Amino acid sequence: MEPYEPDTIERHWQEVWERERTWEVPNPGQPDFDDSAPKSYVLEMLPYPSGEPHIGHLKVYSVGDAVAHYMRRRGYRVLHPMGYDAFGLPAENHAIKTGEHPRASTDGAIASFARQFRRWGISIDWSREFGTHEPSYYRWTQWIFLKLYSRGLAYRKDAAVMWCPKDATVLANEQVIDGRCERCGTPVEARQLEQWFFRITDYADRLLEDLDCIDWPEHVKTMQRNWIGRSEGAEVVFRCEEPAIDFPVFTTRPDTLFGATFFVLAPEHPEAERLAAGTEYEDAVRDYVNEALRASAEERGAEEREKTGVPLGRTVVNPVNGEQIPAFVADYVLMEYGTGAIMAVPAHDARDYEFAKAHDLPIRQVIRQSEPAGEDSARDELPYMGDGVMVDSGRFDGRDNREAYEEICDWLEAERRGRRSIHYRLRDWLISRQRYWGCPIPIVYCEQDGAVPVPEDDLPVLLPDVEDFAPKGKSPLATAEDWVSTTCPTCGGPARRETDTMDTFVDSSWYFLRYCDARNETAAWDRAVLGSWMPVDQYIGGVEHAILHLMYARFFTKALADLDLLDAREPFESLFTIGMITRDGAKMSKSRGNVVDPADYVERFGADTARCYVLFIGPSDQDADWTDKGVEGVHRFLGRLWRLKEEVVERTGAASGAAPVDDPSSDEARGLLRKSHWAIDKVTRDIERGFQFNTAIAAVMELVNEAYRRKAELYGDPVGEAALRFATATAGSLLFPFAPHLGAEVYEAIAGERVWEEPWPRPDPAFLESDTFTLVVQVNGRLRARVEASVDAAEGELLELARSSDAVKRQLDGKEVVKEIVVPGKLVNLVVR
RNA sequence: GCGGACGUGGCGGAACUGGUAUACGCGCCAGGUUUAGGUCCUGGUGGGCCUCACGGCCCAUGGAGGUUCGAAUCCUCUCGUCCGCACCA
């Protein structure tokens, strides 16, 4: 008997798959295209190539590969591609430190990743592989930019932007976490710069609504909804008479307008200083504004911060009652949201309440929880944010606030003092980066014609080589004078190229489209080919991309559909998020020194063990803790299956088939066949029911254990041996999606066939059903006995059987049975008194 | 503060629509093969109590109530852990 040597068998099968290009799948119009088969696009999020793949990659691709294998054997033509998200900061920072060109380090990392993925035996169609840094890819990234530009969905604007002083680049809103740079943790600063944006806010409503029609985890949808942050309300104009300025404010509570007792501007509000000019507060306002602007976003966002602010020395008019209310500037009002000005209703808003208390301002309750019973009825505790009856609200007194809401809006619109309005938290997507290692923006600037798009035929705008990658507040590309200096496509005069590059999230917002037609040299994709694959049926990846990547990719898909370039409405029909693998309960990190390198385990135990273990450790969508003992356990199991196969081949012959047995002659054979069909059924259901690979693998373990226990009795009997062969081959077949090499090896050794060419097995119902079952007998809901009963026994018979058990008799002794519950096929419960 | 997820043996975790709690694996214990050990094979293993034994009884799914013939599962309250978002008007 040969020992289990994963290295040998894994290399053998990898060579077969490589040589025969087993996992390549043709597009429509290509040879061997099978249009009778339904399609399935199985995609894992593309890796960012840096160093070597880590344990998270092993988990994501093990899950994805299991899905891909399963779908293929269910008769689907499966697209399962791979590529690399190759532009970006880490490679550039590495270049700044070492001088090594980002292209060199990136290509090195890609080679490592490609080698590892092959060593893991992941079933990828390698003919579609690409990196987003290749001109043959980013040419089309630029083309998409131009398409968006042509629709006004890409635009340039001078804007206050978030700037990371350490990385010396602008950041997207989404990349600022608690006022700090997402990457390096440096507090961000505000800067005014000309920047490129994508108009994602045009799609806010559709991005929100269409969440209802995709099969994504609820928590991911919730995060996206919160991020879009739609709120309905009204914009109401508060007029200042001296100087004469109209201030629109956004409120979700126009029903509390009568309770507005003051008015507040954000320090960044362009009119703040002008308003205070000429009043006794002029200097105080200027000082306050300067102080607020200097304070970092982090300081301003700090929790439990006192509500500071200063008067502007002016009043504005509350349009509903003509009241003059005092105006303030205070930094608890944010310029980024709404209009940068608010009406303050201290009785019904916690923040306004705090400010009013701190500055001794009037608080007027205009909504009561219930109708006041009398003069001295208990007052509601303020601030009161709930609904109720309006008071002190002129002609609305006594009305329900929800009902009056609409009338107040109608009145505002009729009087032209405001209008219904919807605001979003979502901002347009800032895509300019003052960085080298990214996709150049295909725009040139001409004295005469301004910003001019590079003609499609001139794409790609190649990323030039430069000497110095270090950012200096403007893009390193600015130093490539030969490249920057060009001619205007419109007038032919001198022009200069845009030197910013695109955010790398742009690259990864459409890569799943390119896979469909990756070798197309004349177009980003052929629409018919794209239509034959899109949308992605199963997307798999980490939850850390729940907002950014997934929102951007959805936006691109919708925008490109509107440009009539594709037909999909959503890119990812179904999403599965992978839980993190921890070590000793903590996130793996170099500083903790608890990093598990998948390569070590693949070398020691083989890829099958490593892959099976990450699937067996627990439900794939949950976090799981890595233990070496657990890996050994899985390895032991694979060795057990290997030895079973060796022994069965030795004693019953090699590769002579593993036909199902339908008329077993012995109880031993029947028992093993029952277990085999049970396992087929269980594994199939576990995969179908939300990828429960941990219990699926456990079922194969049970099958192998059963074969071990019964095998001694089965040798010598032809039917018994056939049952044993079937069980062993079935174990290999069921394990194949998780441990493809061993699965293929075992199946071929017994059945003489290639398991991936075999359809996914179906359980034989004759072996799933049984003539008898274990009847559970309860007395007062407590388990008292188990008896074998015939499946077609009538209720009366079951009751009789239940009562005949000694243990039950003892329980019934001297008591009266007041109720009998019979669940056919399951249990009998006798209620006694 | 708001929103979401989750609490089950010594450990990772099972339990489909309320119906045998603890599958499978780790660990531990015992036996067997080989024997120097490991590997490998078989069996046992939630806690407590009674019994020479067969067997039996009681208690256990974070805690407290409730619904039900029957609750890990449903409801109410509560404690704890983790993850989002957070001065969003």
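Reminder, nothing fancy here: chain letters follow the sequence lines and each chain counts from 1. Just so we're clear, the structure is a prediction, and the values are computed from it rather than from any experiment. Atoms considered below: every heavy atom in the structure, side chains included; atoms not considered: hydrogens, waters and symmetry mates.
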Base partner of [N], which must satisfy Watson-Crick or wobble distances under 3.5 Å:
N	value
rU61(B)	none
rC26(B)	rG10(B)
rC82(B)	rG4(B)
rU68(B)	none
rC87(B)	none
rC40(B)	rG32(B)
rA15(B)	none

Does [X] make a side-chain N or O approach to OP1 or OP2 of [N] shorter than 4.0 Å?
X	N	value
Gln692(A)	rC24(B)	no
Arg425(A)	rA89(B)	no
Thr695(A)	rG13(B)	no
Arg640(A)	rG25(B)	no
Asn705(A)	rG25(B)	yes
Lys826(A)	rG19(B)	no
Arg643(A)	rC41(B)	yes
Arg636(A)	rU39(B)	no

Picking from [options], which would you name as closest to the side chain of [X]?
X	options	result
Tyr332(A)	rC87(B), rU42(B), rG25(B)	rC87(B)
Asn829(A)	rA89(B), rC24(B), rG19(B)	rG19(B)
Phe616(A)	rG84(B), rC24(B), rA89(B)	rC24(B)
Arg689(A)	rA15(B), rC26(B), rG4(B)	rA15(B)
Ala698(A)	rA23(B), rC69(B), rG27(B)	rA23(B)
Ala807(A)	rG56(B), rG12(B), rG43(B)	rG56(B)

Output the rounded distance in Å from [atom1] ([X]) to [atom2] ([N]).
X	N	atom1	atom2	value
Met551(A)	rC85(B)	CE	C1'	13 Å
Leu783(A)	rA71(B)	CG	P	13 Å
Phe605(A)	rC26(B)	CZ	C1'	13 Å
Asp625(A)	rC26(B)	CG	C1'	13 Å
Asp623(A)	rU81(B)	CG	C1'	12 Å
Gln778(A)	rA71(B)	CD	P	9 Å
Glu702(A)	rA23(B)	CD	C1'	6 Å
Asn226(A)	rC85(B)	CG	P	9 Å

Exercise. Are Lys307(A) and Phe355(A) in a cation-pi setup, meaning NZ or CZ lies under 6.0 angstrom from the ring centre and within 45 degrees of the ring axis?
Worked result: no
Problem set entry | Geometric cation-pi criterion, Arg640(A) with Phe637(A): 6.0 Å, 45° | no
Rounded distance in Å between the [atom1] positions of [N] and [M]:
N	M	atom1	result
rC24(B)	rU8(B)	C1'	15 Å
rG27(B)	rG10(B)	C1'	8 Å
rA15(B)	rA21(B)	C1'	7 Å
rC74(B)	rU61(B)	P	15 Å
rG9(B)	rC59(B)	C1'	14 Å
rA72(B)	rU34(B)	C1'	45 Å
rA71(B)	rU67(B)	C1'	10 Å
rG38(B)	rC29(B)	P	12 Å

Seminar exercise, completed: Value for CE (Met343(A)) from CG (Leu257(A)), rounded to nearest 0.5 Å, stands at 4.0 Å
For this session: Could you tell me the separation between the CG atom of Leu548(A) and the CD atom of Gln224(A), rounded to the nearest 0.5 Å?
Result: 9.5 Å
Exercise. Which atoms form the tightest heavy-atom contact between Leu312(A) and Leu265(A), and what is the distance?
Worked result: CD1-CD1, 4.0 Å
Problem set entry | Closest non-hydrogen atom pair between Ala292(A) and Asp331(A), with its separation | CB-CB, 4.3 Å
Which is true for [X] with a 4.0 Å heavy-atom rule: it touches a base, it touches only sugar-phosphate, or it touches nothing?
X	value
Asn694(A)	sugar-phosphate
Gly630(A)	nothing
Ile617(A)	sugar-phosphate
Glu235(A)	nothing
Arg230(A)	nothing
Tyr424(A)	nothing

Exercise. Mind telling me whether rG9(B) is syn or anti, cutoff 90° either side of 0?
Worked result: syn
Exercise. Can you list the steps and then say if Ile200(A) with Leu207(A) is a side chain to side chain contact (heavy atoms under 4.5 Å, CB included)?
Worked result: CA-CA 9 Å; Ile200(A) 191 171; Leu207(A) 289 168; 3.9 Å; yes
Exercise. Hey, which of these two, Ile821(A) or Phe250(A), hits RNA chain B nearer its 5' end, going by closest nucleotide?
Worked result: Ile821(A)
Problem set entry | Arg782(A) vs Val823(A), nearer the 5' end of RNA chain B by closest nucleotide | Val823(A)
Exercise. How far apart are the C-alpha atoms of Asp205(A) and Arg230(A), what are their side-chain angles, what is the distance that settles it, and do they pass the salt bridge (Lys or Arg N to Asp or Glu O under 4.0 Å) test?
Worked result: CA-CA 8 Å; Asp205(A) 274 326; Arg230(A) 178 189 155 106; 2.6 Å; yes
Exercise. Is there a donor on the side chain of Lys307(A) or the base of rC87(B) sitting less than 3.5 Å from an acceptor on the other?
Worked result: yes
Exercise. Yes or no on salt bridge (Lys or Arg N to Asp or Glu O under 4.0 Å) for Lys711(A) and Glu647(A), after CA distance, side-chain angles and deciding distance?
Worked result: CA-CA 10 Å; Lys711(A) 65 183 162 58; Glu647(A) 190 184 291; 3.5 Å; yes
For this session: Indicate whether any N or O donor in one side chain lies under 3.5 Å from an N or O acceptor in the other, for Thr308(A) and Tyr288(A).
Result: yes
